[in-house]
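To start, the structure under review is shown below, and the notes come after it.
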Amino acid sequence: MTAESPLNRRHRCIFAASAGIATALAWLLYGAMAPGGFSKDTVFQLGQAQRTLPLNDWHPIAMTWTWQWLIDLTGTINSMLFMQVCAAWVCAVLTAYYLLKVSRRGWSALAGLFILFMPNTVNIVGIVWKDTHLGLALYFAVILTLLMPVVPRLRWVLAALAFGALVYGGLVRKNSAVAVLPIIALIAVWLLVRIKGKKSKEQKRTTGQKRTLSKRRRLTAAVVAAVSFGAVLVGVDTGLKASLQPTENSQFTQVMLDDLVFAVPQESIDAAAAPAAEKTRLAQAKISCADKNTERREAGKAEIIWDAYWDCYGMGANGEYTQIQDPAAVTSIWKQTMPQHLDSYAAYRIQTTTKFLFTSKLQFIRDRDRDYPAQQQMLRASLRTYVVDFGVAVFPWLFLGAVAAGLSAVGIAVGAKKRRRSPGALVVFSSAILYLMTYVPTAPANDYRYVFWPWLAAMLGWLVLWAEGQKRRRMG
């Protein structure tokens with residue numbers, strides 16, 4: 001029996017039962033999180049979605065525009081939460097189908113629902129964050145890609161949907177672009193293999209010879225697909241900005257602020273050819289951070305090592321979520337001083353990366369935004385108990401980026417073996433590693449949401465390896 005053959009009656013019943021369980025889990029999750037998990041950032045974005053605040057590119061405008069459209073369509077702010085939970089439900093059901101189709105093991109369908117019951121996934125699915133949207137978009141794209149050889153008749157439909165999901169993921173988080181590359185490359189190669197496979201069969205019937213797809217052609221297909229994806233992403237992003245005209249905030253300068261405040265001596269900043277006013281602001285930010293860190297040490301709290309925009313610099317020219325006074329000056333000072341202090345910069349980024357990978361916070365939303373309280377307080381409290389009192393307390397490693405990176409690295413080693421080679425698993429693990437690497441020079445905090453996609457990828461990748469192993473054993 002091959003992976004493409006229909007499920008038997010027993011497996012169809014198991015799949016139907018799994019879909020029913022997924023529906024119940026999704027309904028419980030929606031009930032616990034309604035109207036949605038809202039942080040301070042989410043409340044600010046909601047104001048834009050409700051059109052009480054002007055559109056601002058601090059948050060991805062594609063996501064904000066989507067929320068505007070959903071509110072207009074449904075009349076409720078719950079609509080974004082509903083869409084997220086539905087997306088997780090679709091991913092879970094498709095994963096259950098894939099695992100059952102490939103492995104032919106009944107219980108594998110239940111394992112495929114992990115996004116709806118694992119404490120390190122249900123904690124994020126119900127929170128309205130761009131990291132949630134990124135994780136769901138990439139997961140959806142990956143599972144559709146994995147289904148292409150399993151359901152070959154739908155390969156073009158699956159590829160088109162996966163491509164759209166990847167574009168949306170790139171729009172909601174710019175640093176996800178590198179994580180998308182392995183996925184888009186695999187889609188292109190598998191489509192090309194399928195096309196060439198048909199031609200090869202025809203050639204074998206006529207000439208008796210069968211040609212295989214060369215590595216060069218596979219690489220060319222992957223490069224063309226990546227370039228095409230980049231062009232589409234830039235085009236859509238440019239079009240959205242031109243159409244919606246959001247306020248721009250030069251948000252990437254916050255990364256430079258962290259480097260200058262924590263890694264560059266003030267005397268080097270003072271020696272740079274830049275406006276004196278910006279040098280003064282940076283000096284004041286350093287003093288502010290030093291004073292706050294003194295207080296934190298005395299109180300036994302962790303010191304501030306990042307996010308200077310919020311904690312030390314004084315935020316933007318017009319307050320929260322606005323552009324700093326002189327982003328061009330900050331960029332100029334960074335370019336002038338950083339080459340002279342690569343040693344301290346490397347030490348600083350090792351410190352932030354270590355903290356980012358080996359510690360975790362904000363594993364569950366804080367119920368401090370009382371303008372939008374949980375509609376079912378008891379269900380929210382129950383979910384918090386499951387995530388925090390059980391998940392974080394008993395299995396803290398489930399919330400660490402380093403563990404997700406380790407699982408992905410080992411997965412790559414296993415999936416790359418000739419006897420067990422798994423292109424699908426390799427792509428998923430590679431995407432997780434590449435995404436984590438983007439935080440080495442940019443990590444703004446150790447919030448768990450930043451490693452949500454790597455954890456989804458690590459768990460899905462190992463399920464793929466297991467399912468393909470079961471198929472090999474069955475096929476002999």
Side-chain angles (χ1 to χ4, degrees), residues 15-38 42 45-46 49 60 62-99 109-147 151 154 157-158 160-169 171-173 365 372 374-376 379-380 383 387 449 452-453 455-457 459-460:
F15 175 68
S18 299
I21 294 171
T23 302
L25 291 171
W27 184 252
L28 283 172
L29 180 57
Y30 176 83
M33 294 306 299
F38 287 6
T42 311
Q45 189 175 16
L46 176 59
M63 179 179 169
T64 307
W65 178 79
T66 300
W67 206 353
Q68 285 183 350
W69 178 78
L70 288 172
I71 291 174
D72 291 344
L73 182 67
T74 65
T76 174
I77 64 174
N78 295 40
S79 52
M80 182 61 90
L81 170 67
F82 184 78
M83 187 188 78
Q84 291 177 193
V85 174
C86 284
W89 179 87
V90 170
C91 289
V93 172
L94 290 178
T95 304
Y97 178 78
Y98 169 82
L99 294 174
L110 295 178
L113 309 182
F114 72 89
I115 192 174
L116 293 174
F117 67 78
M118 287 293 291
N120 61 339
T121 55
V122 294
N123 61 328
I124 297 294
V125 169
I127 302 177
V128 184
W129 275 333
K130 59 185 176 183
D131 308 275
T132 308
H133 282 234
L134 170 67
L136 292 172
L138 294 190
Y139 191 142
F140 184 60
V142 165
I143 194 61
L144 291 177
T145 303
L146 292 172
L147 284 169
V151 193
L154 297 177
V157 174
L158 296 173
L161 291 173
F163 187 87
L166 292 174
V167 170
Y168 183 73
L171 290 173
V172 297
R173 257 210 175 278
I365 198 69
Y372 304 97
Q375 293 172 357
Q376 296 289 339
L379 282 178
R380 177 73 66 86
L383 183 58
V387 171
R449 60 190 173 117
F452 178 53
W453 165 241
W455 261 110
L456 286 177
M459 291 187 284
L460 178 59

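Side-chain atoms are counted along with the backbone in the values below, which use heavy atoms only and exclude waters and symmetry mates. A quick note: this is a predicted structure, and the numbers were derived from the prediction, not measured.
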Tell me if the CZ atom of Phe82 is crowded by more than 12 foreign heavy atoms within 6.0 Å.
no
If you round to the nearest 0.5 Å, how far is [atom2] of [Y] from [atom1] of [X]?
{"X": "Met33", "Y": "Asn123", "atom1": "CE", "atom2": "CG", "value": "9.0 Å"}
{"X": "Leu146", "Y": "Tyr98", "atom1": "CG", "atom2": "OH", "value": "5.0 Å"}
{"X": "Ile124", "Y": "Met118", "atom1": "CD1", "atom2": "CE", "value": "13.5 Å"}
{"X": "Asn120", "Y": "Met459", "atom1": "CG", "atom2": "CE", "value": "4.0 Å"}

Donor-acceptor contact below 3.5 Å, side chain Gln84 vs main chain Ile127
yes
Heavy-atom pair with the smallest gap, counting every atom of [X] and [Y]:
{"X": "Ala109", "Y": "Ser18", "result": "CB-OG, 3.1 Å"}
{"X": "Phe38", "Y": "Val128", "result": "CE1-CG2, 3.9 Å"}
{"X": "Gly112", "Y": "Thr95", "result": "O-CB, 3.5 Å"}
{"X": "Leu29", "Y": "Val125", "result": "CD2-CG1, 3.6 Å"}
{"X": "Leu460", "Y": "Phe114", "result": "N-CZ, 4.0 Å"}
{"X": "Ser79", "Y": "Thr76", "result": "OG-O, 2.9 Å"}

Examine the side chains of Thr121 and Trp455 and answer whether a donor and an acceptor come within less than 3.5 Å of each other.
no
Can you label the angle between the Tyr168 ring and the His133 ring as parallel, tilted or perpendicular, going by 30° and 60°?
tilted
With heavy-atom distances below 4.5 Å as the criterion, would you say the side chains of [X] and [Y] are in contact?
{"X": "Ile365", "Y": "Arg380", "value": "yes"}
{"X": "Ile115", "Y": "Leu136", "value": "yes"}
{"X": "Thr132", "Y": "Arg449", "value": "no"}
{"X": "Met63", "Y": "Gln45", "value": "yes"}
{"X": "Thr23", "Y": "Trp89", "value": "yes"}
{"X": "Ile21", "Y": "Leu110", "value": "yes"}
{"X": "Gln375", "Y": "Pro35", "value": "yes"}
{"X": "Ile143", "Y": "Tyr97", "value": "no"}

What's the verdict on side chain to side chain contact (heavy atoms under 4.5 Å, CB included) for Ile71 and Trp67, showing C-alpha distance, side-chain angles and the deciding distance?
CA-CA 6 Å; Ile71 291 174; Trp67 206 353; 3.8 Å; yes
Please report the C-alpha distance between Trp129 and Thr42 in whole Å, then the side-chain angles of each, then the deciding distance to 0.1 Å, and finally whether the side chain to side chain contact (heavy atoms under 4.5 Å, CB included) criterion is met.
CA-CA 7 Å; Trp129 275 333; Thr42 311; 3.8 Å; yes
Given side chain to side chain contact (heavy atoms under 4.5 Å, CB included), test Leu46 with Met80 step by step and report yes or no.
CA-CA 10 Å; Leu46 176 59; Met80 182 61 90; over 6 Å; no
Decide side chain to side chain contact (heavy atoms under 4.5 Å, CB included) for Phe452 and Leu134; before the verdict, give the C-alpha distance in whole Å, the side-chain angles of both, and the deciding distance to 0.1 Å.
CA-CA 9 Å; Phe452 178 53; Leu134 170 67; over 6 Å; no
